[in-house]
Q: 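For reference, the structure I am asking about is given below.
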Amino acid sequence: MRATQFHIKTTKETPNDAEIISHQLMLRAGFIRRLGSGLYTLMPLGLRVVRKIEAIVREEMNASGAVELLMPSIQPAELWQESGRWEKFGPELLRIKDRHDRDYCLGPTHEEVITDIARRDIKSYRQLPLNFYQIQMKVRDEVRPRFGVMRSREFIMKDAYSFSLGEESLQACFDQMHIAYCKVFDRMGLDYRAVEADSGSIGGAQSREFHVLADSGEDAVVYATEGDYAANIEKAAVVSQTTRGEASESMASIDTPGVHTIAELSSKIGVAESQCMKTLLVKGSESPVVALVLRGDHQLNEIKAEHLEEVATPLAMADAADIKSAANCDAGSIGPVGLSIPVIADADAATMTNFVCGANENGKHLSGVNWGRDLPEPLVRDLRNVVEGDPNPMGTGTLKIVRGIEVGHIFQLGSAYSESMGATVLDENGKPQIMQMGCYGIGITRVAAAAIEQNNDAQGIIWPEAIAPFEAVICPVNMVKSEAVQAAAEALYTELRDAGVDVLFDDRPLRPGAMFADMELIGIPHRFVVSDKLLANDEIEYRGRRDTESVVIKRSDVLAKLK
RNA sequence: CGGGGUAUGGCGCAGCCUGGUAGCGCAUCUGCUUUGGGAGCAGAGGGUCGUAGGUUCGAAUCCUGCUGCCCCGACCA
């Protein structure tokens, strides 16, 4: 590709509304252009990157035996009503009406459509297992789009759906996707982890997320210092090792006017946060509200809480009126003593002695409180997020926490959709069986952003070679004045193209400094400079994007640099 | 959904407080010079100041409504 026939539009200034580095660089280097909140045009450079990511994904999906198709992005409401998600999905589902006033949505995912196809086309166990995939635009009306294509309202996703007879076959499909995903991210040269994840409201089955590690990641990923345990913090189990000591203080009331948070309480009365008790009221499934009790320095894990049968799904905090009627005080003064609602304590909270908690009276707290003596023993559950240093649930080492960007998710759906939508096949006995499904996603556009988060410097982007918009660039110095440089650059361009290199020939009449700066911002992995001075010795200058110095090589050694 | 901010040429901003002919940098175009790290000089084009009202002799500026966008919060006891 010749730069004069392409479209390169870079800017020195950082757009004011881009917060993270990948967003800033993608805008500055001209990979994306914002159209509206969470809506981006993929400019020619950006589209090249996306196409390379897609190609790798497509190759590995095909190699795994999956079959590509393409489903509509507009989906009739009837299908979603059938699966029950028309009501469940919430405001993220962008709903539209057509001219006949019929309801549709813009697909945020395609389980309903693929299940509809499967139930029509797949009639016999002999056709199974089968794995369909597509690479397509998804639409989610995000509460708050941000970080450019990292969390946008329209994005490209590869989604695959497997159909199996029996759980063993489902597990095999799942394992195969796990392997395929590792190959995909390995080929892209990304630093990633496959972690255990919560399976969401559908529940039960296996679920793995693939996270690219980066400080700007929106998720917390937990891994063990020894062994290969890794999990999303939403999922990571706490193995409590503490045991309860003896009660040594008597319960007393203390005045705490204006104290509403654990931090305020801790500093006001000079007691460590870990000695305070945090009491949260949430909507219950049977009783109107349920109390969740945690050590003051621990954080509630909402996913774990939501999975409790006593707690309403989805998790909802009690409102002011609920709190008033259940605890007879306002938020900030609640405590577990004397409550007549179910009290569920985190395992670590349940081993506390002589703790401080709200008195269920505004402006008062209680100190020296002890389970069993001052209030009934609670139900004990794992309610909190793990913290660094917690023991590995697998028994070896301790846990560390890093930030990750979720770029892939593989997930056993089981019969969640096939059952409600009647997707059955006849088994070898001629009996109808519900198909077992799996679903497997990769956020294509998000991978591009994640790769930049992980690979950049002060000059700009440093693309991993496999997904760079161009593998190499030819930079002629002062080509307008030198026919020799022009001829040599053209010859090199032809040679590289003939060798199958995806090369950009920067034939714009720019000064060298401007050209180099552009190419470094754009992040092309290999640069070849052609100049009169070098040509005199039959030489070319080479510089890898990560290199700090250029090297002069023989003209004949150019191709070797790309191996 | 709650709070805050913001809207001025393609981009980034000043001007607004204290009303009086709309300005700067980048980018763009022309010419000359320059040509190994985002060139210099000279010139040029480009803005219904988000939108609808109001106040005023006069509004980018003051007031009101609306809209877009951005940030924070929506894990808290």
Side-chain angles (χ1 to χ4, degrees), chain A residues 9-20 23-24 27-30 33-39 90-91 143-148 220 233-234 256 259-266 273 276-282 289 291-296 298-306 315-320 322-324 326-327 329-336 339 356-362 364-365 383-385 458-460 475-482 485 508-522 527 529-534 541 543 549-550 552:
Chain A
K9 177 74 180 165
T10 61
T11 165
K12 270 180 274 191
E13 296 189 68
T14 302
N16 68 342
D17 53 3
E19 285 198 84
I20 61 172
H23 189 196
Q24 292 172 357
L27 287 167
R28 279 189 58 207
R33 176 90 27 98
R34 199 183 74 94
L35 181 63
S37 181
L39 301 172
V143 191
R144 200 174 140 203
R146 58 182 134 183
F147 305 147
I233 198 163
E234 292 179 345
T256 52
V259 170
H260 296 291
T261 66
I262 293 292
E264 288 165 6
L265 179 64
S266 170
E273 290 189 13
C276 299
M277 193 67 89
K278 183 190 281 190
T279 307
L280 316 177
L281 299 188
V282 299
V289 290
L292 303 179
V293 181
L294 293 150
R295 219 170 78 184
H298 285 156
Q299 288 196 303
L300 177 67
N301 181 310
E302 295 191 7
I303 303 291
K304 290 176 182 175
E306 192 170 282
L315 184 72
M317 303 311 291
D319 55 40
D322 290 332
I323 294 173
K324 199 79 186 175
C329 66
D330 295 324
S333 304
I334 310 170
L339 290 179
V356 179
C357 65
N360 297 323
E361 183 182 346
N362 286 344
K364 301 239 184 239
H365 279 75
L383 285 180
R384 69 172 173 95
N385 282 335
Q459 272 61 249
C475 294
V477 172
N478 201 13
M479 188 169 76
V480 283
K481 284 283 175 63
S482 169
V485 167
R508 298 174 299 170
L510 290 184
R511 300 160 63 84
M515 190 183 286
F516 296 159
D518 259 3
M519 292 306 127
E520 281 160 6
L521 176 61
I522 291 167
R527 183 183 80 192
V529 178
V530 179
S531 76
D532 276 318
K533 198 170 60 185
L534 292 158
E541 181 188 289
R543 183 152 171 180
E549 307 257 314
S550 305
V552 173

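Order of the sequence lines fixes the chain letters, A, B, ..., with proteins taken first and strands second; residue numbering starts at 1 for each chain. These values consider heavy atoms only, across backbone and side chains, with no hydrogens, waters or symmetry-generated copies.
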Q: Counting any heavy atom closer than 4.0 Å, what does A/E541 reach on the DNA or RNA strands: base, sugar-phosphate only, or nothing?
A: base
Q: Of the options B/C71, B/U34, B/A77, whose atoms approach the side-chain atoms of A/R146 most closely?
A: B/C71
Q: Looking at A/I262, is its backbone amide N or carbonyl O close enough to the side chain of A/K278 to form a donor-acceptor pair, meaning the two atoms are under 3.5 Å apart?
A: no
Q: Do A/R543 and B/G37 share a donor-acceptor pair, side chain to base, under 3.5 Å?
A: yes
Q: So, does A/N301 use its side chain to make a donor-acceptor pair with the main chain of A/I233 at under 3.5 Å?
A: yes
Q: Taking NZ from A/K9 and C1' from B/U28, how many angstroms apart are they, rounded to a whole number?
A: 8 Å
Q: When both hydrogen-bonding distances must be under 3.5 Å and the geometry is Watson-Crick or G-U wobble, what is B/C41 paired with, if anything?
A: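 Paired with B/G31.
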Q: In whole Å, what is the span from the CE atom of A/M317 to the C1' atom of B/C76?
A: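 Checked: the CE to C1' distance equals 5 Å.
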Q: For B/A14 versus B/G9, give the span between their C1' atoms, rounded off to a whole number of Å.
A: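 B/A14 and B/G9 have their C1' atoms separated by 14 Å.
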Q: I'd like to know if A/R527 reaches the base of B/G37 with its side chain such that a donor and an acceptor end up less than 3.5 angstrom apart.
A: yes
Q: Roughly how far apart, to the nearest Å, are B/U51 and B/A42 at atom C1'?
A: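 Each nucleotide's C1' atom is 41 Å from the other's.
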Q: Under 3.5 Å for both donor-acceptor distances, Watson-Crick or wobble: does B/C1 have a partner, and if so which one?
A: B/G73
Q: Specify the separation, in whole Å, of atom CD1 of A/I233 and atom C1' of B/C75.
A: 13 Å
Q: Grab the two heavy atoms, one from A/M479 and one from A/P476, that are nearest each other, plus how far apart they are.
A: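 So the minimum-distance heavy-atom pair works out to SD-CG, 3.7 Å.
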Q: Are any side-chain N or O atoms of A/E306 and backbone N or O atoms of A/E302, one a donor and one an acceptor, separated by less than 3.5 Å?
A: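 Absent.
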Q: On a whole-Å scale, what distance lies between the P atoms belonging to B/U64 and B/U21?
A: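 Comparing P positions in B/U64 and B/U21 gives a spacing of 25 Å.
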Q: On RNA chain B, compare the nucleotides closest to A/L280 and A/S550; which residue's is nearer the 5' end?
A: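 Looking at RNA chain B, the more 5' nearest nucleotide goes with A/S550.
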Q: Pick the nucleotide of RNA chain B nearest each of A/I334 and A/K481; which residue has the one closer to the 5' end?
A: A/K481
Q: Which part of the nucleic acid does A/R28 contact within heavy-atom distance under 4.0 Å: base, sugar-phosphate only, or nothing?
A: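 It contacts base atoms.
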Q: Taking only the C1' atom of each, what is the distance from B/C17 to B/G73 in whole angstrom?
A: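 My reading of the C1' atoms in B/C17 and B/G73 gives 31 Å.
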Q: Expressed in whole Å, how much space separates the P atoms belonging to B/C24 and B/G5?
A: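 To the nearest whole Å, 30 Å.
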Q: So does A/R384 get a backbone contact from the side chain of A/K304, meaning a donor-acceptor N/O pair under 3.5 Å?
A: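 Flag set: sc A/K304 to bb A/R384 pair under 3.5 Å.
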Q: Can you tell me how far P of B/C75 sits from CD of A/Q299, to the nearest Å?
A: 12 Å
Q: Quick one: which of B/C70, B/G38, B/C71 gets closest to the side chain of A/A514?
A: B/G38
Q: Is any side-chain N of the basic residue among A/R295 and A/E273 closer than 4.0 Å to the acidic one's carboxylate O?
A: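 Here A/R295 does not pair with A/E273 in a salt bridge, since their nearest N and O are not under 4.0 Å apart.
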Q: Whether the side chain of A/D518 and the base of B/G38 hold a donor-acceptor pair under 3.5 Å is what I'd like checked.
A: yes
Q: Using the P atom as the point on both nucleotides, what is the distance between B/G15 and B/U61, in whole Å?
A: 15 Å
Q: Closer than 4.0 Å, any side-chain N/O of A/S37 to the OP1 or OP2 of B/C70?
A: yes
Q: In whole angstrom, give the distance that lies between atom CG of A/N478 and atom P of B/G38.
A: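 Atom CG in A/N478 sits about 15 Å away from atom P in B/G38.
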Q: Under the rule for ring-ring contact (aromatic ring centres under 6.0 Å, His included), what residues qualify as partners of A/H365, not counting sequence neighbours?
A: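 Listed in chain order: nothing, the list is empty.
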Q: To the nearest Å, how far apart are A/F516 CZ and B/A39 P?
A: 12 Å
Q: Using a 4.0 Å heavy-atom cut-off across all strands, classify A/N385 as base, sugar-phosphate, or nothing.
A: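 Result for A/N385 = base.
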Q: With rounding to whole Å, what would you report as the distance between B/G19 and B/C49 at their C1' atoms?
A: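 My reading of the C1' atoms in B/G19 and B/C49 gives 15 Å.
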Q: Hey, does A/L35 reach any base, or is it just sugar-phosphate, or nothing, if we go heavy atoms under 4.0 Å?
A: nothing
Q: How far does the P atom of B/G47 sit from the matching atom of B/C11, given to the nearest Å?
A: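 Roughly 14 Å separates the two P atoms.
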Q: Tell me: CG of A/L510 to P of B/U34, nearest whole Å?
A: 18 Å
Q: Need one value for A/T261: base, sugar-phosphate or nothing, where a base atom within 4.0 Å counts as base even if backbone is also close, heavy atoms only.
A: sugar-phosphate
Q: Rounding to an integer number of Å, can you tell me how far A/R508 CZ sits from B/G36 P?
A: 17 Å
